Amino acid sequence: MDAAERFSRYLATNHLRLTRERRGILEELLQIKGHFDADALLAHFRRRGRPASRATLYRTLARLVDAGLVHKIEMEKGQAQYEVMVGRHHHDHMICIRCGRIVEFESREIERLQTAICRRKGFTMTGHMHQIRGHCSDCAGKERRRA
Ligand SMILES: [Zn+2]
Ligand SMILES: [Zn+2]
Ligand SMILES: [Zn+2]
């Protein structure tokens with residue numbers, strides 16, 4: 001199942017259709033690599049000469065997050081960061097509360113434990129986001145020196 005089909009199915013369960021506008025936004029989004037915020041996304045669309053209103057873009061982005069095609073990373077300060085997960089391996093994030101750096105990590109052990117805990121609670125997991133907040137390796141030293 002490709003991204004458009006997945007999005008289309010999600011929209012259908014919410015009584016919405018994959019309009020040309022939504023499909024256009026999705027296709028453009030799939031070109032973006034790495035983490036980005038909503039302003040950068042709007043700038044990307046303007047640069048590429050893609051006409052999309054801020055409201056439509058942000059609304060569609062929220063739908064894509066809901067559909068699990070895009071991950072939203074809540075930041076301690078500043079705007080939330082987003083990341084397209086289509087064609088990317090699942091991973092979680094460490095977020096530096098000092099400089100905003102995002103460190104990606106993967107742990108089979110954590111993934112396995114999460115599944116086991118859900119099973120024990122009779123909870124069916126459809127997805128998860130694991131975020132660790134703290135100081136990155138660069139900032140940890142600066143924090144220590146300040147103290
Ligand atoms: Zn995970
Ligand atoms: Zn940092
Ligand atoms: Zn990431």
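All values derive from a computational prediction rather than experimental measurement. Atoms within a ligand are numbered from 1 in the order they appear, just like the ligands themselves.
Taking backbone and side chain together, H130 holds no N, O or S atom under 2.8 Å from the Zn ion (ligand 1). Using a cut-off of 2.8 Å, one finds that C139 contributes an N/O/S atom close to the Zn ion (ligand 2). At a threshold of 2.8 Å, the Zn ion (ligand 3) has a backbone or side-chain N, O or S atom of H93 nearer than that distance.
Using modelled atom types, one side-chain atom of D37 and one backbone atom of D39 make a donor-acceptor pair closer than 3.5 Å.
A side-chain hydrogen bond (donor to acceptor under 3.5 Å, both in side chains) with H35 holds for exactly one of R101, Q81, H71, E104; it is E104.
Of all the heavy atoms in Q131 and K72, the pair that sits closest is NE2-O, 3.7 Å.
For the atom pair R54 CZ and R46 CZ, the distance stands at 6.5 Å (nearest 0.5 Å). Interatomic distance, CZ of R22 versus CD of E27, reported as 14.5 Å (0.5 Å rounding).
Taking the Zn ion (ligand 1) as reference, E111 places its N/O/S atom OE2 nearest. When distances from the Zn ion (ligand 3) to the N, O or S atoms of E104 are compared, OE2 comes out shortest. Among heteroatoms of the N, O or S kind in E83, OE1 lies nearest the Zn ion (ligand 3). Residue-level check: among N/O/S atoms of D92, OD2 sits closest to the Zn ion (ligand 1). Take the N/O/S atoms of H90: the one nearest the Zn ion (ligand 1) is NE2.
Here the angle at the Zn ion (ligand 2) defined by SG in C96 and SG in C136 stands at 110°, rounded to 10 degrees.
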TODO: Would you please test H89 and H91 for ring pair (Phe, Tyr, Trp, His ring centres under 6.0 Å) and show each step?
DONE: CA-CA 6 Å; H89 201 268; H91 62 268; 8.5 Å; no
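Contact check on R108 versus E111 returns no salt bridge, with no Lys/Arg side-chain nitrogen under 4.0 Å from an Asp/Glu carboxylate oxygen.
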